[in-house]
Amino acid sequence: MLETVAKINSAVNNIVWGWPALILLAFVGVFMTCRTKFFQISHFGHWMKQTIGSIFHKDVSAHTEDQSISQFQSLCTALAATVGTGNIVGVAGAIITGGPGAVFWMWLIAFFGMMTSYAENVLGIFYRRRNSVGEWSGGAMYYLRDGLGSKKGCKGLGMALAVLFSVLCFLASFGIGNMTQINSISGNMKSVFSVPTWVTGLVIVILSGMVILGGLKRIASVTEKIVPFMVILYIAGSIAIFCLNISMIDPVFKAIFSRAFSLEAAAGGAAGTVMKLAIEQGMKRGVFSNEAGLGSSVMANSSSNVKEPVRQGMWGIFEVFADTIIVCTLTAFSVLSSGLVDLETGVTMAAYNGVELSGANLVGTVFSMHFGFAGAAFVAISVMLFAFSTCLGWSHYGSKACEFLFGEKITKVYQAIFVLATFGGAVMGENLAWSIADTLNGMMMLPNLVGVLVLSPVVVAVTRNYVERKLKGKDVEPMLSNFEDIQAEAAAAVKAGER
């Protein structure tokens, strides 16, 4: 049965992640970067100041009394879903399959993906609305239905794409947000601590149930405590290896850039294959890591108490920057400077000390080479924290998709099924879990990117309005929401001096 599923999924995956989809993904990022006049560069200082630079500001970190969450909590919930096994297992897998050159393409897709993520968050805030229990509900399904659907003759198309996105998000939550994450935890716990996969699965069912069934406020409360700790912890460990291998900076970066284009003297066909694999793996794992273009993290960002669409858009830029440019790069350097990858040929060793190397254990092997068992244990714990937090974040995404499709009352049923499904992820084969996640990611991406492209004039107008008001000091009416009641409330708050 599993073999049949794997074959069907492989065929669909080849279609979904073919060159047309990758080109569309890259095009939207380049398009939004150009339309916003390279906002991620031209206003670098501003968005850094408004995101990580304002992290301790009371308006950013203060808890809310209503059903919304703070900007810091929305960041942590979004980062909980994005900073996951893609940053460790995904990067290692990309290097094994695509060579060092895959890292370059991961950087490139992240640079342009910053503005895709920005656009998604701007649209998410602009088209969000409150549900019957007072929670903000936003995401690609809403800007597809209410944004694209408002265009002349596009009402049916907007609704169809919104439903399609929601269905795919619902299914993807069990793939990218459940199977792959929990599978990575159980694999690491078994290889490092010899814990049976079923035991890990049972423990995760209990822990995830205690958090997920408590709703968004509890998820946000947990992620704001886990995410800063896990990111700082992993970065500290990676920087330690960077310092130990600092002499490898030149050869590592030389290998990344040279292998990205495979222009060395290999046979034409072979060189083309290597380059193709580097591009595919870099883009696929880059998207899996930072989720720019999927339309997923916008569901957490839309739950924020922020009223300015651009402010939440800038958090989207920071999320991609932190996730890929910082965390993934540190992982890549750790692997490429370890000696386990031949920087001349780009080939990773098949085994080390009698243990077969794979994406799941490559980074753990690197850390154990430098710090012994403590290093392997460190990575296992990091993967556990990363993956568990991702599971929590994606449970919220799936809940919002379920809410859009079936109503709010069904979300508790979804959450219960999601929690139970973590056990299946713990005992599932690694390759099948990642393959299914890749397929669902790609399918979910397509309707979202259509919405971002069609609604790009809205993003440009909202951005221009923000720049004129906040950076140029012009007295113009704020563009804060597509809905008049929210618009009036938000405009009054801005005029009263709220952020």
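All residue numbers refer to positions in the sequence shown, counting from 1. Values in this document were obtained by computation on a predicted structure and should not be read as measured data.
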Side chains of [X] and [Y] in contact at under 4.5 Å (non-hydrogen atoms):
X	Y	result
Val459	Leu123	yes
Val310	Val462	yes
Val211	Leu207	no
Met230	Ser382	no
Arg145	Val163	no
Tyr234	Val363	yes
Ser208	Phe388	yes
Met314	Met48	no

Walk me through it: do Thr51 and Phe321 pass the test side-chain contact (heavy atoms from CB on, under 4.5 Å)?
-> CA-CA 11 Å; Thr51 54; Phe321 177 81; over 6 Å; no

Could you please spell out the steps behind the side-chain contact (heavy atoms from CB on, under 4.5 Å) verdict for Phe112 and Thr116?
-> CA-CA 7 Å; Phe112 292 112; Thr116 304; 5.8 Å; no

Phe404 and ring pair (Phe, Tyr, Trp, His ring centres under 6.0 Å): which partner among Tyr397, Tyr142, Phe170?
->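 With Phe404 as partner, Tyr397, Tyr142, Phe170 yield a single ring pair (Phe, Tyr, Trp, His ring centres under 6.0 Å), made by Tyr142.
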
Here the salt bridge (charged side-chain N to carboxylate O under 4.0 Å, His left out) pairs for residues 150-164, sequence neighbours left out, are none

[atom1] of [X] to [atom2] of [Y]: how many Å apart, nearest 0.5 Å?
X	Y	atom1	atom2	answer
Asp146	Phe126	CG	CZ	11.0 Å
Met141	Leu168	CE	CG	10.5 Å
Glu468	Lys474	CD	NZ	4.5 Å
Phe39	Met115	CZ	CE	6.0 Å
Leu446	Leu161	CG	CG	10.0 Å
Cys391	Asn178	SG	CG	5.0 Å

Will you find, in the side chains of [X] and [Y], an N or O donor that is under 3.5 Å from an N or O acceptor?
X	Y	answer
Tyr127	Ser302	no
Ser117	Glu319	no
Asn121	Gln312	no
Tyr414	Ser173	yes

Determine yes or no for a side-chain-to-main-chain donor-acceptor pair under 3.5 angstrom, with Thr411 supplying the side chain and Gly407 the backbone.
->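 The answer is no, because no donor-acceptor pair under 3.5 Å joins these two groups.
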
Can any side-chain N or O of Ser150 pair as donor or acceptor with the backbone N or O of Gly147 at less than 3.5 Å?
->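 It does hold such a pair.
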
Is the ring pair [X]/[Y] parallel, tilted or perpendicular, if the boundaries are 30 and 60 degrees?
X	Y	result
Phe111	Phe38	tilted
Trp107	Phe257	tilted
Phe418	Phe174	tilted
Phe31	Phe27	parallel

Taking 4.0 angstrom as the limit, do Glu308 and Arg469 come out as a salt bridge?
->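 Result for this pair is yes, salt bridge flagged.
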
Where is the tightest heavy-atom contact between [X] and [Y], given as atom of each residue plus distance?
X	Y	value
Val122	Gly313	CG2-CA, 4.1 Å
Lys400	Ser137	NZ-OG, 3.1 Å
Arg128	Val306	NH2-O, 2.6 Å
Val298	Ala140	CG1-N, 4.1 Å
Val91	Cys328	CG2-SG, 3.7 Å
Ile95	Ala332	CD1-CA, 4.1 Å

Full working for side-chain contact (heavy atoms from CB on, under 4.5 Å) between Val413 and Phe406 | CA-CA 11 Å; Val413 177; Phe406 308 114; over 6 Å; no

Could you walk me through whether Asn301 and Ile125 pass the side-chain contact (heavy atoms from CB on, under 4.5 Å) check?
-> CA-CA 8 Å; Asn301 283 293; Ile125 296 292; 5.7 Å; no

How would you list all residue pairs meeting side-chain hydrogen bond (donor to acceptor under 3.5 Å, both in side chains) that involve residues 34-43, not counting sequence neighbours?
-> Thr33-Gln40

Can you list the steps and then say if Gln415 with Ser395 is a side-chain hydrogen bond (donor to acceptor under 3.5 Å, both in side chains)?
-> CA-CA 7 Å; Gln415 290 168 350; Ser395 71; over 6 Å; no

Run the side-chain donor-acceptor check on residues 447-455: report pairs under 3.5 Å with partners two or more places apart or on a different chain.
| unit_1 | atom_1 | unit_2 | atom_2 | d |
| --- | --- | --- | --- | --- |
| Asn448 | OD1 | Tyr143 | OH | 2.5 |
| Asn448 | ND2 | Glu120 | OE2 | 2.8 |
| Asn448 | ND2 | Gly293 | O | 2.7 |

